[in-house]
*Asks:* 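Below is one structure. I have some questions about it.
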Amino acid sequence: MFAFLAEHREAVFPEAMFADMHPSPDGHPSVPPGEPACVVVLQVLHGLPDVETVRHLRCDLWWKAARGLGLNDRAFDPSLLAYFRRRPTRSRKPDRTFEATADCPATAPPKVNAGSTTGPPPSTSAD
């Protein structure tokens, strides 16, 4: 999912997708909405709270690449994630962030071996 978002983030979360959340020309957020959208998707996939999510965004190169940050770029405050999640709930399309990534192969559940009912496939030995 990190590589997918790094490569397709702007196409998956274009600014126009969130235009109804900020109807006033003076009401746009300081962070383009596609950026927290990308982070919220990763947050949900990893089951992390806001503070831990932003810690990953500040320190983890995979998270930085997915959001389009450079090595020395800083992350936003964790409160922005809570604010971002509240905004769509008051709109006509509250699930837009997750609908945009629903068809992404990286969000599909892992496949299991034939005959197995749980867990990932076993690793193979290179012997």
Side-chain angles (χ1 to χ4, degrees):
M1 184 54 128
F2 294 103
F4 176 82
L5 288 172
E7 188 172 338
H8 303 287
R9 176 185 62 260
E10 292 174 3
V12 173
F13 302 118
E15 278 200 48
M17 178 183 196
F18 303 97
D20 65 313
M21 290 172 37
H22 307 283
S24 166
D26 298 325
H28 287 275
S30 58
V31 176
E35 293 181 19
C38 170
V39 174
V40 166
V41 168
L42 293 172
Q43 177 184 28
V44 170
L45 285 173
H46 291 274
L48 299 172
D50 292 352
V51 172
E52 185 72 13
T53 297
V54 173
R55 187 184 70 73
H56 278 284
L57 190 56
R58 289 178 179 150
C59 303
D60 190 316
L61 294 179
W62 288 11
W63 286 69
K64 283 182 174 267
R67 186 180 158 224
L69 294 176
L71 183 61
N72 296 317
D73 290 341
R74 296 182 180 200
F76 45 71
D77 188 81
S79 63
L80 181 67
L81 292 174
Y83 173 77
F84 178 78
R85 282 191 305 270
R86 277 194 310 270
R87 289 299 288 231
T89 60
R90 298 181 217 145
S91 72
R92 291 181 293 122
K93 293 182 73 179
D95 297 323
R96 71 184 84 201
T97 301
F98 298 104
E99 289 170 355
T101 59
D103 295 330
C104 170
T107 60
K111 294 181 180 180
V112 295
N113 282 344
S116 174
T117 57
T118 60
S123 60
T124 57
S125 176
D127 303 312

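Predicted model, so just to flag it, every value in this text is computed and none were measured. For reference, positions follow the sequence shown, starting with 1.
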*Asks:* Please examine the side chains of L42 and W62, heavy atoms only from C-beta on, and report whether any two atoms are closer than 4.5 Å.
*Replies:* no
*Asks:* Taking only residues two or more places apart in sequence, or in another chain, which ones meet A82 in a side-chain contact (heavy atoms from CB on, under 4.5 Å)?
*Replies:* D50, R85, R86
*Asks:* Give me the atom names and distance for the closest heavy-atom approach of A65 to A6.
*Replies:*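 So the minimum-distance heavy-atom pair works out to O-CB, 3.3 Å.
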*Asks:* When the ring centroid of H56 is compared with that of F2, is the distance short of 6.0 Å?
*Replies:* no
*Asks:* Is it the case that the side chain of Q43 and the backbone of L48 share a donor-acceptor pair, with hydrogens and angles ignored and the cut-off at 3.5 Å?
*Replies:* yes
*Asks:* What heavy-atom pair brings D77 and R58 nearest, and what distance separates the two atoms?
*Replies:*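 Where D77 meets R58 most closely, the heavy atoms are CA-NH2, 4.4 Å.
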*Asks:* Return the set of residues passing salt bridge (Lys or Arg N to Asp or Glu O under 4.0 Å) with E52 (not counting sequence neighbours), or none when no residue passes.
*Replies:* R55
*Asks:* Does D73 have any side-chain contact (heavy atoms from CB on, under 4.5 Å) partners at least two apart in sequence or in another chain, and if so, which?
*Replies:* L69
*Asks:* Kindly give the heavy-atom pair with the smallest separation between P32 and E15, and that separation in Å.
*Replies:*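 Between these two residues, the closest heavy atoms are CB-OE2, 4.3 Å.
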*Asks:* Show me the pairs that pass side chain to side chain donor-acceptor pair (under 3.5 Å) and involve residues 4-14, at least two apart or across chains.
*Replies:* none
*Asks:* Nearest 0.5 Å, what's the OG-CZ distance between S79 and F84?
*Replies:*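 So the OG of S79 and the CZ of F84 are separated by 14.0 Å.
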*Asks:* Using the test side-chain contact (heavy atoms from CB on, under 4.5 Å), find all partners of L61 that sit at least two apart in sequence or belong to another chain.
*Replies:*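 Checked L61 against side-chain contact (heavy atoms from CB on, under 4.5 Å); matches are K64, L71.
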*Asks:* Under the criterion side-chain contact (heavy atoms from CB on, under 4.5 Å), which of L81, T53, L45 is the partner of V40?
*Replies:* L81
*Asks:* Minimum heavy-atom separation for V39 and F76, please, with both atom names.
*Replies:* CG2-CZ, 3.9 Å
*Asks:* Just jot down the side-chain contact (heavy atoms from CB on, under 4.5 Å) partners of V51, sequence neighbours excluded, or say none.
*Replies:*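 In terms of side-chain contact (heavy atoms from CB on, under 4.5 Å), with neighbours along the sequence ignored, V51 is linked to P78.
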*Asks:* For a side-chain contact (heavy atoms from CB on, under 4.5 Å) check, start with the C-alpha distance between R67 and L5, then their side-chain angles and the critical distance, and finish with the verdict.
*Replies:* CA-CA 7 Å; R67 186 180 158 224; L5 288 172; over 6 Å; no
*Asks:* Compare every heavy atom of C38 with every heavy atom of A66, then report the nearest pair and how far apart it is.
*Replies:* O-SG, 3.3 Å
